[in-house]
Participant: 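Below you will find the structure I want to go over with you.
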Amino acid sequence: MMRTRPLKVALLGCGVVGSEVARIMATHADDLTARIGAPVELAGIAVRRPGRARAGVPAELITTDATALVKRGDIDVVIEVIGGIEPARSLITTAFEHGASVVSANKALLAEDGAALHAAAEERGADLYYEAAVAGAIPLVRPLRESLAGDTVNRVLGIVNGTTNFILDKMDSSGAGYSEALDEATALGYAEADPTADVEGFDAAAKAAILAGIAFHTRVRLDDVHREGLTEVTASDIASAKRMGCTVKLLAICERAGDGRSVTARVHPAMIPLTHPLASVREAYNAVFVEAEAAGQLMFYGPGAGGPPTASAVLGDLVAACRNKLAGTTGPGESAYTRLPVSPMGEVVTRYHISLDVADKPGVLAQVAQVFAEHGVSIDTVRQQGKDGEASLVVVTHRAPDAALSATVETLRQLDTVRGVASIMRVEGE
């Protein structure tokens, strides 16, 4: 039997995503009612600048007092799309204290304080949903924590930031340098005026922390994630990747150790073979590749950001939270029973592509090879070319601990015959 009393929703934030959430709730009200089993009513929208024009948003719902809104007591679900750590954290905690469930798109907060938020939700018998925090419209959180709950996930490898993927794609397709590709991304609205969070890998690292925690049933914080941005990637790196039959992507990589006793989480640029499914992800799209013991290899692909795609994920979580309210139950909470430690980057086993500027004279190759051998790093391939007393040496290694590879590079820098290290990049996806 359909309940006639509406479920009341508070919306915190009415920017690009929040305004789309409000629009969809209004235009698809009948469908949402049918799917949930009761009407849903937008009871209030908290904003910082009330005078700003918001097409299609009822002015009478606007308030600047977000705390009063979440304290009302008649709110069933709070949707938080304001971002940042505070006041979002305090508002979400207050919402739980007053009996509301929460739907959030706040990757930074969840990566930093997810465990405390889950605990607060559980204490109050409320839901915490956050599909939109990781990959926009791409269903990823729910498949990992529900569809694959009976399986063992060993690896999550993904492109989870559309801005950086657009930049690297343009560098690959047009031969542009980093600065030119960033300028184009900014002009098209893919990059913020301050792109630091994207290009330095902070955004992807927060998402990696969330994904690793869900995939491996352990707690992974943002500080646990090794992070490197793409600002040092050059047109020469892109050209080297092409010669190897690869392309360059900024990857979020979460792995379970072979013995199952630890996990790693990292974000950095890497060369991946053109035969890998992630190599074909173009423009500002996202994609995540999941490897599980029973399910095998799974690929999730789609728009990872923007108003409508992110709002789609928010509304999916809203429907789930409202259904649970009607049924008097809650959905899956935090699963961190494995309590696996997060290994440092130095223990991660990877391959390297290293480009060296060396003196063009006999014995240089043997000298460089000796350094690799001294550090226990096996060489896969070497390519050398020289002219007018100068030469370049490109070395691709076999898999070895990252610490050994880093030590190798530092020793190479000290050789008189090595003029400089032109580039270093990891090779993944093989």
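Keep in mind that the numbers below use all heavy atoms, side chains included, and drop hydrogens, waters and symmetry copies.
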Participant: For residues 97-106, which residue pairs pass the salt bridge (Lys or Arg N to Asp or Glu O under 4.0 Å) check, not counting sequence neighbours?
Facilitator: none
Participant: Can you see which heavy atom on Thr247 is nearest to which on Asp172, and at what distance?
Facilitator: OG1-OD1, 3.4 Å
Participant: Give a yes or no on whether a salt bridge exists between Asp76 and Lys8, defined as a side-chain N under 4.0 angstrom from a carboxylate O.
Facilitator: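 Result for this pair is no, no salt bridge flagged.
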Participant: To the closest 0.5 Å, what do you measure between CD (Glu112) and CD1 (Ile210)?
Facilitator: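 If I round to the nearest 0.5 Å, the distance is 11.5 Å.
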Participant: Would you find a donor on one side and an acceptor on the other, under 3.5 Å apart, between the side chain of Glu180 and the backbone of Gly177?
Facilitator: yes
Participant: Measuring only between side-chain heavy atoms, which start at C-beta, is Val78 closer than 4.5 Å to Val103?
Facilitator: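 No - every pair of side-chain heavy atoms lies 4.5 Å or more apart.
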Participant: Between Ser174 and Met171 (side chain of the first, backbone of the second, donor and acceptor by atom type, cut-off under 3.5 Å), is there such a pair?
Facilitator: no
Participant: Look at the side chain of Asn154 and the backbone N and O of Ala292, then say whether any donor-acceptor pair between them is shorter than 3.5 Å.
Facilitator: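 Side chain of Asn154 to backbone of Ala292, a donor-acceptor pair under 3.5 Å: no, none is there.
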Participant: Is the shortest side-chain heavy-atom distance between Cys246 and Ile272 below 4.5 Å?
Facilitator: no
Participant: Any side-chain donor-acceptor pair under 3.5 Å between Glu86 and Ser90?
Facilitator: yes
Participant: Please confirm whether the backbone N or O of Gly331 pairs with a side-chain atom of Asp127, one donor and one acceptor, at under 3.5 Å?
Facilitator: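 Side chain of Asp127 to backbone of Gly331, a donor-acceptor pair under 3.5 Å: yes, one is there.
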Participant: Just how far is it from atom CD of Glu347 to atom OG of Ser262, taken to the nearest 0.5 Å?
Facilitator: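 Here the rounded value is 7.0 Å.
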Participant: Does this structure show an ion pair linking Lys170 with Glu283, if we count only N-O contacts that are shorter than 4.0 Å?
Facilitator: yes
Participant: Applying ring pair (Phe, Tyr, Trp, His ring centres under 6.0 Å), name anything that partners Tyr178, two or more places apart in sequence or on another chain.
Facilitator: none
Participant: Run the numbers on His226 and Glu228 for side chain to side chain contact (heavy atoms under 4.5 Å, CB included), then give the verdict.
Facilitator: CA-CA 7 Å; His226 174 82; Glu228 298 173 29; 2.6 Å; yes
Participant: Might you point out which heavy atoms bring Ala295 and Leu148 nearest each other, and give the distance in Å?
Facilitator: CB-CD2, 4.0 Å
Participant: Is any side-chain heavy atom of Glu428 closer than 4.5 Å to one of Leu251?
Facilitator: yes
Participant: So, the side chain of His375 versus the backbone of Val377: is there a donor-acceptor pair under 3.5 Å, distance only?
Facilitator: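 No, His375 side chain to Val377 backbone: no donor-acceptor pair under 3.5 Å.
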Participant: Would you compute the distance between atom CD of Glu200 and atom OG1 of Thr231 and round it to the nearest 0.5 angstrom?
Facilitator: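 Reported value, rounded in 0.5 Å steps: 4.5 Å.
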Participant: I need the Ile214 CD1 to Leu144 CG distance, nearest 0.5 Å.
Facilitator: 6.0 Å
Participant: What are the two closest non-hydrogen atoms of Phe202 and Leu222, and how far apart are they?
Facilitator: O-CD1, 4.4 Å
Participant: Does anything in residues 297-324 pair up under ring-ring contact (aromatic ring centres under 6.0 Å, His included), and if so which pairs, sequence neighbours excluded?
Facilitator: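 Matches after skipping sequence neighbours: Tyr285-Tyr301.
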Participant: Mind checking salt bridge (charged side-chain N to carboxylate O under 4.0 Å, His left out) for Arg124 and listing every partner two or more places apart, or none if nothing turns up?
Facilitator: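 For Arg124, no residue satisfies salt bridge (charged side-chain N to carboxylate O under 4.0 Å, His left out) once neighbours in sequence are set aside.
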Participant: Please check: side-chain N/O of Glu80 versus main-chain N/O of Ile82, any donor-acceptor pairing under 3.5 Å?
Facilitator: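 Yes, because the side chain of Glu80 sits within donor-acceptor range (under 3.5 Å) of the backbone of Ile82.
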Participant: Taking the side chain as every heavy atom from C-beta outward, state whether Leu128 and Leu110 have any pair of such atoms under 4.5 Å apart.
Facilitator: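 The answer is yes; the side chains approach within 4.5 Å.
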Participant: On a heavy-atom basis, which atom in Ala135 and which in Leu140 lie closest, and how many Å separate them?
Facilitator: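 So the minimum-distance heavy-atom pair works out to CB-CD2, 4.3 Å.
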Participant: Consider only side-chain N and O atoms of Ser104 and Asn106, and report whether a donor and an acceptor are under 3.5 Å apart.
Facilitator: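 Judged by distance alone, the side chains do not pair up.
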Participant: Starting from the C-alpha separation in whole Å, work towards a yes-or-no answer on side chain to side chain contact (heavy atoms under 4.5 Å, CB included) for Asn286 and Asn165.
Facilitator: CA-CA 8 Å; Asn286 285 191; Asn165 199 57; 5.5 Å; no
Participant: Just by distance, no angles: are the side chains of Thr338 and His217 close enough, under 3.5 Å, to form a donor-acceptor pair?
Facilitator: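 No, no side-chain donor-acceptor pair sits under 3.5 Å.
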Participant: Using every non-hydrogen atom in the two residues, find where Gly229 and Pro269 come nearest and quote the distance to one decimal.
Facilitator: O-CG, 3.1 Å
Participant: Shortest non-hydrogen contact from Leu42 to Ala22?
Facilitator: CD2-CB, 3.9 Å
Participant: One pair to check against side chain to side chain contact (heavy atoms under 4.5 Å, CB included): Val267 and Val225. What are the steps and the verdict?
Facilitator: CA-CA 7 Å; Val267 168; Val225 181; 4.3 Å; yes
Participant: Any heavy-atom pair between the side chains of Ser173 and Arg282 that's under 4.5 Å?
Facilitator: yes
Participant: Tell me whether the NZ or CZ atom of Arg155 lies within the 45° cone about the ring axis of Phe289 and under 6.0 Å from its centre.
Facilitator: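 Cation-pi check for Arg155 and Phe289: fails.
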Participant: Within the 4.5 Å heavy-atom criterion, are Val427 and Tyr352 side-chain neighbours or not?
Facilitator: no
Participant: For the backbone of Arg35 and the side chain of Arg323, can you confirm whether one donor and one acceptor N or O come within less than 3.5 Å of each other?
Facilitator: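 Indeed, once roles are kept as given, a pair shorter than 3.5 Å links the two residues.
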Participant: For a 4.5 angstrom cut-off between non-hydrogen side-chain atoms, does Val290 reach Gln297?
Facilitator: no
Participant: So, do Val156 and Glu255 sit near enough that their side-chain heavy atoms are less than 4.5 Å apart?
Facilitator: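 Answer no - side chains too far apart.
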Participant: Under 3.5 Å, which donor-acceptor pairs link side chains of residues 302-320 to any protein atom two or more places apart or in another chain?
Facilitator:
residue	atom	partner	partner atom	Å
Thr310	OG1	Gly306	O	2.8
Asp317	OD1	Arg142	NH2	2.9
Asp317	OD2	Tyr130	N	3.3
Asp317	OD2	Glu131	N	2.8

Participant: Quick one: does Asp198's side chain have a donor or acceptor within less than 3.5 Å of a partner on Pro195's backbone?
Facilitator: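 Between the backbone of Pro195 and the side chain of Asp198 there is no qualifying donor-acceptor contact (under 3.5 Å).
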Participant: Does the side chain of Thr264 pick up a donor-acceptor pair with the side chain of Ser343 at under 3.5 Å?
Facilitator: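 No donor-acceptor contact under 3.5 Å links the two side chains.
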Participant: Count the heavy atoms of every other residue, nucleotide or ligand shown that sit under 6.0 Å from CD of Glu146, and state whether that count exceeds 12.
Facilitator: yes
Participant: Please check if any side-chain donor atom of Asp237 sits under 3.5 Å from a side-chain acceptor atom of Thr234, or the reverse.
Facilitator: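 Per modelled atom types, Asp237 and Thr234 side chains form a pair under 3.5 Å.
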Participant: Verify the distance criterion only: is there a donor paired with an acceptor across the side chains of Thr164 and Asn161 at less than 3.5 Å?
Facilitator: yes
Participant: Flag yes if more than 12 heavy atoms outside Glu334 fall under 6.0 Å of its CD atom; otherwise flag no.
Facilitator: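 Correct, the count exceeds 12.
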Participant: Given side chain to side chain contact (heavy atoms under 4.5 Å, CB included), test Glu41 with Val9 step by step and report yes or no.
Facilitator: CA-CA 6 Å; Glu41 174 187 302; Val9 178; over 6 Å; no
Participant: To the nearest 0.5 Å, how far apart are CG in Leu168 and CD1 in Ile238?
Facilitator: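 Rounded to the nearest 0.5 Å, the CG-CD1 separation comes out at 5.5 Å.
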Participant: Do any pairs count as a side chain to side chain donor-acceptor pair (under 3.5 Å) and have a residue in residues 47-69, sequence neighbours left out, and if so which ones?
Facilitator: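 Sorted result for residues 47-69: empty, none.
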Participant: With rounding to the nearest 0.5 Å, note down the distance linking OG1 in Thr381 to NE2 in His353.
Facilitator: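 If we round to the nearest 0.5 Å, Thr381:OG1 and His353:NE2 are 7.5 Å apart.
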Participant: So, are Arg426 and Asp402 salt-bridged, with charged N and O less than 4.0 Å apart?
Facilitator: yes
